[in-house]
Amino acid sequence: MLKEERQHIILEKIQANNKVHSSTLSEILNVSEDTIRRDLKDLAEQGYIKKVHGGAMANPNLPKAKIDHNISKQTERTIIARKAASMIEDHQVIVLDGDLTNLMLVESLPKDLNLTVFTNSLRIASLLCEYELVETIFLGGRVSRQTQSTMGMEVINSLSDIHADFSFLEINSLHEELGITDGDRENAFIKKSIIKSSSQVIALCLSDDIGNIQPFKVGQINWVHSLITDLDPDDPKLNRFRNKGIDLK
């Protein structure tokens, strides 16, 4: 069982019962309690749960809708992350923003890859420390407790001095005419700055988010060079982007 599938089940159990014990999860999932503790640590760092003695409980400060969205999309995110990871080669310079799919992308990378990675994500930077040949440059700034990513002008100013080969951006709203939008103004500025820092922009977008429009503009559709979704590249739903000259993965 993949880690994502295991954590999906853990979140479902916590949602159903509000609290679970590590020993119970160990029996249900047939893995060691050490593995369960690592999973609970990951989920707590992402803000989905609160660790308590002997187990975990639901995070009352996190909207249920957000939990449901991320639980239900683990399989789709895994597909996208693996497609994105297959595009990355030795000696590239890339930028990763702090969204969940990019974290899964990093987990899909070979351990012997030689890269330079810029990121504003604490979780991604921490995970990349396990990769001996990856030079990780963390973009400092004000840390968002909710996303565990840095925000603000410090990040934007740092990005203005970078020229990367690729940026991998999780896009929550992608429209064939209105382009990339976001529900958070500050996050929209960060994404726009990442796009400007890169020769090629790779958009990672769940198929359910295609056609969505949110309040804050990130960029034009022609700023996207490649689009990676959980769909087959030949899916008719993607024709609107194929007709714009976007490479579909």
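In this structure, CD in Q7 is found 11.5 Å from CG in L25, a value given to the nearest 0.5 Å. Between H21 atom NE2 and M57 atom CE the span is 11.5 Å, to the nearest 0.5 Å. To the nearest 0.5 Å, the span separating CZ on F168 from CD1 on I202 amounts to 5.0 Å. A distance of 8.5 Å separates OG in S226 from CG in L248, rounded to the nearest 0.5 Å. Interatomic distance, D39 CG to I49 CD1, rounded to the nearest 0.5 Å: 9.0 Å. Taking CD1 of I80 as the start and CZ of R77 as the end, the distance is 7.5 Å to the nearest 0.5 Å.
Between the side chain of N157 and the main chain of M153, a donor-acceptor pair closer than 3.5 Å is present. For T24 (side chain) and V20 (main-chain N/O), no donor-acceptor pair under 3.5 Å exists by modelled atom type. Judged by distance alone, the side chain of D230 and the main-chain N or O of L206 form no donor-acceptor pair under 3.5 Å. Side chain of Q92 to main chain of E89: a donor-acceptor pair is present (N/O by atom type, distance under 3.5 Å, no hydrogens or angles). In this structure, the side chain of N120 does not engage the main chain of G140 through any donor-acceptor pair within 3.5 Å. Put simply, the side chain of T35 never gets that close to the backbone of V31: no donor and acceptor are under 3.5 Å apart. Side-chain atoms of H225 come within 3.5 Å of backbone N or O of V201 as a donor-acceptor pair. Between the side chain of N243 and the main chain of N239, a donor-acceptor pair closer than 3.5 Å is present. In terms of modelled atom types and a separation under 3.5 Å, the side chain of Q214 and the main chain of G183 share a donor-acceptor contact. Between the E170 side chain and the T101 main chain, a donor and an acceptor come within less than 3.5 Å of each other.
The cluster map of Ile, Leu, Val, Met, Phe, Trp and Tyr, joined by side-chain heavy atoms under 4.5 Å apart, puts I210 and I228 in different clusters. When hydrophobic clusters are built by joining Ile, Leu, Val, Met, Phe, Trp and Tyr residues whose side-chain heavy atoms come closer than 4.5 Å, directly or via intermediates, I124 is not grouped with I190. Residues L109 and M104 share a hydrophobic cluster, clusters being chains of Ile/Leu/Val/Met/Phe/Trp/Tyr side chains in contact below 4.5 Å. In terms of hydrophobic clustering, with Ile, Leu, Val, Met, Phe, Trp and Tyr side chains grouped at heavy-atom distances under 4.5 Å, L11 and L29 are assigned to a common cluster. V95 and L127 are members of different hydrophobic clusters when ILVMFWY side chains are connected at heavy-atom separations under 4.5 Å.
Side-chain contact between M151 and V155: absent, with no pair of heavy atoms (C-beta onward) separated by less than 4.5 Å. The shortest distance between side-chain heavy atoms of L40 and S22 falls below 4.5 Å. A 4.5 Å side-chain heavy-atom check between I194 and I162 finds every atom pair outside the cut-off. You'll find the side chain of C205 reaches within 4.5 Å of the side chain of L227, heavy atoms only. By the 4.5 Å heavy-atom criterion applied to side chains, E33 and S23 are counted as neighbours. By the 4.5 Å heavy-atom criterion applied to side chains, T150 and E154 are not counted as neighbours. Residues I94 and T116 fail the side-chain proximity criterion, which asks for heavy atoms closer than 4.5 Å. A 4.5 Å side-chain heavy-atom check between E135 and L115 finds every atom pair outside the cut-off.
Between D247 and K249 there is a salt bridge, since a side-chain N of the basic residue sits under 4.0 Å from a carboxylate O of the acidic one. By the 4.0 Å N-to-carboxylate-O rule, K191 lies close enough to D99 to be salt-bridged with it. With respect to R242 and E176, no salt bridge is recorded, no charged nitrogen being found less than 4.0 Å from a carboxylate O. Ion pairing of E177 with K244 is present here, as a side-chain N (NZ or NE/NH1/NH2) and a carboxylate O approach within less than 4.0 Å.
A search for side chain to side chain donor-acceptor pair (under 3.5 Å) contacts involving N172 returns nothing, not counting sequence neighbours.
Looking at every heavy atom in both residues, S121 comes nearest to G98 through CB-CA, 3.5 Å. Considering every non-hydrogen atom in both S32 and S26, the closest pair reads C-OG, 3.8 Å. Taking both residues in full, the closest heavy atoms of G211 and R240 are given as CA-NH1, 3.9 Å, listed atom of the first, atom of the second, then distance. When every heavy atom of K83 is checked against every heavy atom of P233, the shortest pair comes out as NZ-CD, 4.5 Å.
Only one option out of I171, I180, L169 pairs with V218 in a side chain to side chain contact (heavy atoms under 4.5 Å, CB included); it is I180. For the pairing with S167, the side-chain hydrogen bond (donor to acceptor under 3.5 Å, both in side chains) check across S193, S198, S197 returns one residue only, S198. When each of D97, L159, T119, I156 is tested with L139 by the rule side chain to side chain contact (heavy atoms under 4.5 Å, CB included), just one qualifies, namely L159.
Side-chain N/O atoms of H175 and T181 include no donor and acceptor closer than 3.5 Å.
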**Intermediate values then yes/no, side-chain contact (heavy atoms from CB on, under 4.5 Å), L113 and Y131** = CA-CA 8 Å; L113 207 56; Y131 292 73; 5.5 Å; no
**Request:** May I have the step-by-step check of side-chain contact (heavy atoms from CB on, under 4.5 Å) for L174 and F241, ending in yes or no?
**Result:** CA-CA 10 Å; L174 188 65; F241 301 108; 3.9 Å; yes
**Verdict with supporting geometry, I28 and K13, side-chain contact (heavy atoms from CB on, under 4.5 Å)** = CA-CA 10 Å; I28 292 171; K13 295 295 181 186; 4.1 Å; yes
**Message:** Using the rule given for salt bridge (charged side-chain N to carboxylate O under 4.0 Å, His left out), can you reason through E186 versus R142, listing the C-alpha separation, both sets of side-chain angles and the distance that settles it, and then say yes or no?
**Reply:** CA-CA 12 Å; E186 193 170 18; R142 176 179 55 81; 2.6 Å; yes
**Message:** Show, in sequence, the C-alpha distance, side-chain angles and deciding distance for I14 and K19, and conclude whether the side-chain contact (heavy atoms from CB on, under 4.5 Å) test is met.
**Reply:** CA-CA 5 Å; I14 291 175; K19 182 179 178 181; over 6 Å; no
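The number of heavy-atom neighbours closer than 6.0 Å to CG of N222, taken from other residues, nucleotides and ligands shown, is above 12. Within 6.0 Å of NZ on K237 lie more than 12 heavy atoms contributed by other residues, nucleotides or ligands. Within 6.0 Å of the NZ atom in K217, the count of heavy atoms belonging to other residues, nucleotides or ligands exceeds 12. The environment of CZ in F216 is crowded: more than 12 heavy-atom neighbours from other residues, nucleotides or ligands sit within 6.0 Å.
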